[in-house]
Amino acid sequence: MTGTIMSRIDDRYNVKDTEARWQQAWEQGGAFVAGRHPARPKYYVLEMFPYPSGRIHMGHVRNYTLGDVVARYKRAKGFDVLHPMGWDAFGLPAENAAIERGVHPAKWTRENIAAMREQLKSMGLSYDWGREVATCEPDYYRHEQKMFLDFLKAGLVYRKESWVNWDPVENTVLANEQVIDGRGWRSGALVEKRLLAQWFLKITDFAEDLLAALGSLERWPDRVRLMQENWIGRSEGARLVWDLAGRPETLEIFTTRPDTLFGAAFLAISPNHPLAAELAEANPALAEFIAECNRMGTSEAALETAEKKGVDTGLKALHPFVPGWELPVYVANFVLMEYGSGAIFGCPAHDQRDLDFARKYGLPVKPVVLPPGENPATFQVGAEAYSEGGTLFNSGFMDGMGVDDAKAAAIARIEADGRGARTVNWRLRDWGVSRQRYWGCPIPIIHCESCGVVPVPAADLPVRLPEDVGFDKPGNPLDHHPTWKHVACPACGKPARRETDTFDTFFESSWYFARFCSPTRDDVAFDRAEADRWLPVDQYIGGIEHAVLHLLYSRFFTRALKTCGYLGVDEPFAGLLTQGMVCHETYKDQAGAWLYPDEVTRGEGGRPVHASTGAPVTLGRSEKMSKSKRNVVDPAHIIATYGADTARLFMLSDSPPERDLEWTEAGIDGAWRYVNRLWRMVAGTADTLPAPGSAMPELGDEALKLRRLVHKTVAAITDDLEKFHFNKAVARLREMTNALGEVSADAPDRAWVLREGLEAAALLAAPMMPHLAEEMWAALGHAVPVVHTPWPVAEAALLVEDSVTVAVQVNGKLRATIELPKDADPKLAEETALAQPPVIAAMSGKPPRKVVVVPNRIVNVVV
RNA sequence: GCGGACGUGGCGAAACCGGUAGACGCAGCGGACUUAAAAUCCGUUUUCCUCGGAAGUGGGGGUUCGAGUCCCCCCGUCCGCACCA
């Protein structure tokens with residue numbers, strides 16, 4: 001009897017055996033190998049590849065479950081599916097591990113990859129593992145070194161000085177996240193800003209196109225498109241050159257509000273402006289202020305949240321329209337050197353930041369735009385600047401104009417005077433790709449005293465990252481390596497020096513989706529024909545935290561690669577799904593220390609107490625799972641206990657994918673119960689059902705009703721999966737399961753429909769709970785596995801109802817519901833509605849003033 | 001600071017184009033089975049009340065025969081801000 005259905009009925013669903021068995025069967029059968037069906041339409045589904053931290057976390061489980069549902073569904077729908085996985089393997093944590101624990105980054109990373117690969121495999125994800133890539137291996141990064149050289153040739157790369165966070169104790173550049181309250185996270189030393197020569201990619205060359213093409217990304221969330229639009233930040237305005245009293249040089253500013261020039265109160269330049277540096281040489285107070293600004297860190301958030309401060313340089317600027325009008329020139333901490341020309345003019349009446357600054361330093365506030373309905377004689381600006389539209393006044397030749405006309409008039413005057421021009425300015429800055437780090441892709445450049453900057457010849461690629469390095473000294477290990485950086489100049493042969501900076505790790509993730517198209521090619525980054533077939537990615541899935549940078553860099557890279565002839569598409573990702581975070585309650589003990597969920601249990605009256613000591617525990621609100629707050633649940637533990645299908649089901653069931661998901665013990669238990677319930681239904685009834693493929697008998701009412709529900713469920717789940725409404729799909733499946741559980745197979749028609757329903761349940765559940773689905777399908781007597789079975793199709797005739805329930809309202813309040821034939825005559829609907837006793841009562845004898853009839857929906861009686 | 005989102009029962013949520021608010025699940029309560037427990041199954045569950053209703057989708061206002069859905073204002077929470085990935 002071993003292995004038969006009967007022997008399994010008494011057992012509970014054996015997760016471990018079942019899941020391992022099917023994972024092996026899929027792998028041996030090559031079920032997920034992409035490209036086997038060139039005649040079928042292609043579908044490329046990709047999840048953001050993980051940083052190999054060593055263990056998967058619940059965020060991964062959610063992300064990869066979502067992707068796998070799409071991949072399995074599309075395969076069943078007849079697509080040739082590409083669903084690959086790899087490792088975003090360069091990055092800071094590996095270096096931190098090296099510094100803190102003495103493990104080499106390469107060893108640490110490779111071991112992490114091996115461990116995480118096993119964990120992912122235990123989830124039963126339908127990846128084509130033959131395409132796995134790891135970005136830290138030379139066979140991957142050699143190609144991006146080539147890309148960089150091609151970009152250089154195409155004029156998309158340049159070198160300039162740029163500011164970085166410098167830790168003077170560790171002798172390293174710090175990431176913004178490593179700067180805490182202005183100090184280095186490890187050393188505690190005050191961080192300084194420093195200028196460093198770095199490589200930049202000209203993403204701004206594509207600004208116009210990156211912005212315009214957002215409109216074509218119809219399957220991207222609006223909010224992501226909006227965030228990118230704001231990030232690119234196109235603004236129209238004017239460049240304007242101001243003369244300085246008693247000095248030969250001029251000052252160029254950018255403004256979007258040339259209409260408010262008559263309301264100007266001051267000019268302000270960035271602390272990093274060349275003029276500021278020059279003036280500081282003779283002005284100790286200014287020098288001290290600039291030094292203070294340079295201690296602030298480089299992040300925009302740090303600059304913007306700091307108190308607005310400035311120092312008067314003593315210089316006077318001459319107003320371009322009014323002879324003799326002199327304005328003070330400040331150095332101000334809120335003016336960014338990277339934006340516009342690093343200098344602005346301030347109009348306090350119509351810009352809040354300028355107003356705050358003016359109030360602080362006692363500068364005049366002169367309104368020049370009159371809000372509609374205000375009296376020019378009495379209008380004043382108080383605590384709030386007025387930045388809306390209106391009519392110009394106090395403004396010479398612009399008086400009486402609207403804001404838009406005044407802008408045009410001001411620009412016309414500026415251009416006529418030869419003082420500047422209309423300009424489009426971008427918030428987007430070029431992408432600085434140099435990192436002073438070891439664990440990244442070496443930048444293939446050689447510096448020669450005679451020849452200058454020399455690209456490494458393509459034949460010499462890859463420039464390999466040396467593995468024999470130490471982390472005991474502060475600074476970049478590549479710089480300390482005894483031999484690595486010393487090379488002969490490729491141009492003149494004299495001794496020269498390698499670039500010791502490595503690429504930003506966003507470099508690797510900007511083209512990995514293309515590498516997956518032909519991951520084993522050594523000679524090229526990817527095969528053009530393969531890329532042309534598979535790209536763009538049809539559905540990309542990952543966290544909202546990548547809404548701007550990673551996605552924008554990838555869009556830019558795709559354009560740059562097209563410019564260099566690598567591929568033919570403009571956009572890398574046709575569809576985008578941004579998933580929410582996985583959250584969990586937080587716990588603290590009496591001393592205020594964070595506790596892990598498994599250290600907490602429920603004591604008397606359901607109060608949380610410490611599991612071993614029984615001491616009271618403070619319950620905190622639910623937050624994103626993070627190691628620092630210890631509110632984490634280990635997926636490996638969950639999968640070992642409940643199995644992959646249960647974990648996957650829970651990831652899909654309660655919340656829609658875009659929203660945050662609350663992880664609860666009760667939720668995972670509920671999913672586990674459902675997995676067992678489905679299995680029991682099949683195991684307990686399979687031998688009472690007709691053989692697979694039996695002809696349909698005459699159906700009685702109960703059987704027909706059930707059959708309608710089954711086909712409706714097929715249609716509904718299909719629609720839900722198309723729209724990524726996975727939580728609704730689970731709800732529909734449970735609804736159908738509830739109905740199937742209520743019938744008994746004691747008559748041929750019911751038995752036949754029960755089989756149809758259980759088969760539908762197996763096939764519909766397959767993208768979500770693939771192991772269970774296979775097991776159910778096999779128990780129902782099918783030899784061909786679900787992974788090779790097409791998606792079920794609903795019979796259209798069974799989806800149409802012949803009667804509908806219509807709500808009856810009196811003055812918008814529900815009073816009754818009535819059953820009507822579908823598409824009934826509105827007159828019949830009205831008559832039936834008015835005859836309902838509760839309706840008559842609610843009308844209390846008054847005649848209907850109006851009756852609104854919405855067919856098949858509602859009748860609203862207005863009295 | 002700037003930018004983006006979100007807010008519906010005790011909880012996660014559903015509600016198509018403005019048309020019966022709360023599908024489906026979790027927790028709770030009651031019951032069946034059991035010596036007992038677990039597991040399972042059945043019923044019940046927005047709130048208030050005079051059992052006929054009344055109120056109700058973060059708060060306030062508006063449009064409409066009708067608003068969770070559209071518009072305006074406010075409050076709260078979360079995410080991003082260019083060297084984390």
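Throughout, a chain's letter reflects where its sequence line sits, starting with A, and its residues are numbered from 1.
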Check every atom of B:A27, B:G4, B:C83 against the side chain of A:Ala666 and return the nucleotide holding the closest atom. B:A27

What does A:Ser509 touch in the nucleic acid at a heavy-atom separation under 4.0 angstrom: a base, only the sugar-phosphate, or nothing? nothing

Looking across every strand, which nucleic acid part, if any, lies under 4.0 Å from A:Gln198 by heavy atom: base, sugar-phosphate, or nothing? base

Quickly work out the A:Ile858 CD1 to B:U20 P distance and round it to whole Å. 5 Å

Working note: A:Trp431 + A:Tyr553, criterion ring-ring contact (aromatic ring centres under 6.0 Å, His included); need CA distance, chi angles, decisive distance, verdict. CA-CA 8 Å; A:Trp431 175 15; A:Tyr553 290 149; 3.8 Å; yes

OP1 or OP2 of B:A82 under 4.0 Å from side-chain N/O of A:Asn176: yes

Between P on B:G68 and CG on A:Leu814, what's the gap in Å once rounded to a whole number? 13 Å

Separation between the C1' atoms of B:C24 and B:G76, rounded to whole Å: 29 Å

Between B:C41 and B:G56, how far is it from one P atom to the other, in whole Å? 38 Å

Students often get this wrong, so: under 4.0 angstrom with heavy atoms, is A:Arg223 touching a base, only sugar-phosphate, or nothing? sugar-phosphate

Give A:Leu733 one of three labels, base, sugar-phosphate or nothing, depending on what nucleic acid heavy atoms sit under 4.0 Å from its own. nothing

Without decimals, in angstroms, what is the distance between A:Asn727 CG and B:G22 C1'? 15 Å

Spacing between A:Leu820 atom CG and B:U20 atom C1', to the nearest angstrom: 14 Å

Quote, to the nearest angstrom, the C1' distance that separates B:U57 from B:A13. 13 Å

Whole-Å distance, A:Tyr339 OH to B:G3 P, equals 12 Å

If you measure from the Lys or Arg side-chain nitrogens to the Asp or Glu carboxylate oxygens, is any gap between A:Lys712 and A:Glu801 under 4.0 Å? yes

Side chain of A:Arg659 only, please: which of B:G19, B:G7, B:G4 is the nearest? B:G7

Report the C-alpha distance between A:Arg353 and A:Asp356 in whole Å, list the side-chain angles of each, state the deciding distance to 0.1 Å, and finish with yes or no for salt bridge (charged side-chain N to carboxylate O under 4.0 Å, His left out). CA-CA 5 Å; A:Arg353 198 163 50 180; A:Asp356 296 343; over 6 Å; no

Using the C1' atoms only, state how far B:U46 lies from B:A14, rounded to an integer number of Å. 15 Å

Please find out if less than 6.0 Å separates the ring center of A:Trp663 from that of A:Phe650. yes

Rounding to an integer number of Å, can you tell me how far A:Trp163 CH2 sits from B:C81 P? 22 Å

Tell me the interatomic distance from A:Ile232, atom CD1, to B:G4, atom C1', rounded to whole angstroms. 15 Å

Using a 4.0 Å heavy-atom cut-off across all strands, classify A:Thr805 as base, sugar-phosphate, or nothing. base

Give A:Phe506 one of three labels, base, sugar-phosphate or nothing, depending on what nucleic acid heavy atoms sit under 4.0 Å from its own. base

At 4.0 Å (heavy atoms only), tell me whether A:Trp431 reaches a base, stays on the sugar-phosphate, or touches nothing. nothing

Strictly under 6.0 Å, is that where the ring centroids of A:Tyr141 and A:Phe90 end up? yes

Verdict with reasoning, A:Glu585 to A:Lys629, per salt bridge (charged side-chain N to carboxylate O under 4.0 Å, His left out): CA-CA 10 Å; A:Glu585 279 179 334; A:Lys629 291 187 177 140; over 6 Å; no

On RNA chain B, nearest-nucleotide positions of A:Pro838 versus A:Val224: which is more 5'? A:Val224

Distance, rounded to the nearest Å, where A:Leu336 contributes CG and B:G1 contributes P: 16 Å

Keeping the roles fixed (side chain from A:Gln836, backbone from A:Thr832), state whether a donor-acceptor pair exists under 3.5 Å. yes

With sugar-phosphate meaning primed atoms plus P, OP1 and OP2, does A:Leu549 contact a base, only sugar-phosphate, or nothing at under 4.0 Å between heavy atoms? base

Students often get this wrong, so: under 4.0 angstrom with heavy atoms, is A:Glu662 touching a base, only sugar-phosphate, or nothing? nothing

Check this one for me: any side-chain N or O of A:Arg677 less than 4.0 Å away from OP1 or OP2 of B:C41? yes

Just to be sure I understand the rule, does A:Thr505 reach a base, reach only the sugar-phosphate, or reach nothing, if contact means heavy atoms closer than 4.0 Å? sugar-phosphate

Describe the nucleic acid contact of A:Arg353 in one word from base, sugar-phosphate, nothing, applying a heavy-atom distance below 4.0 Å. nothing

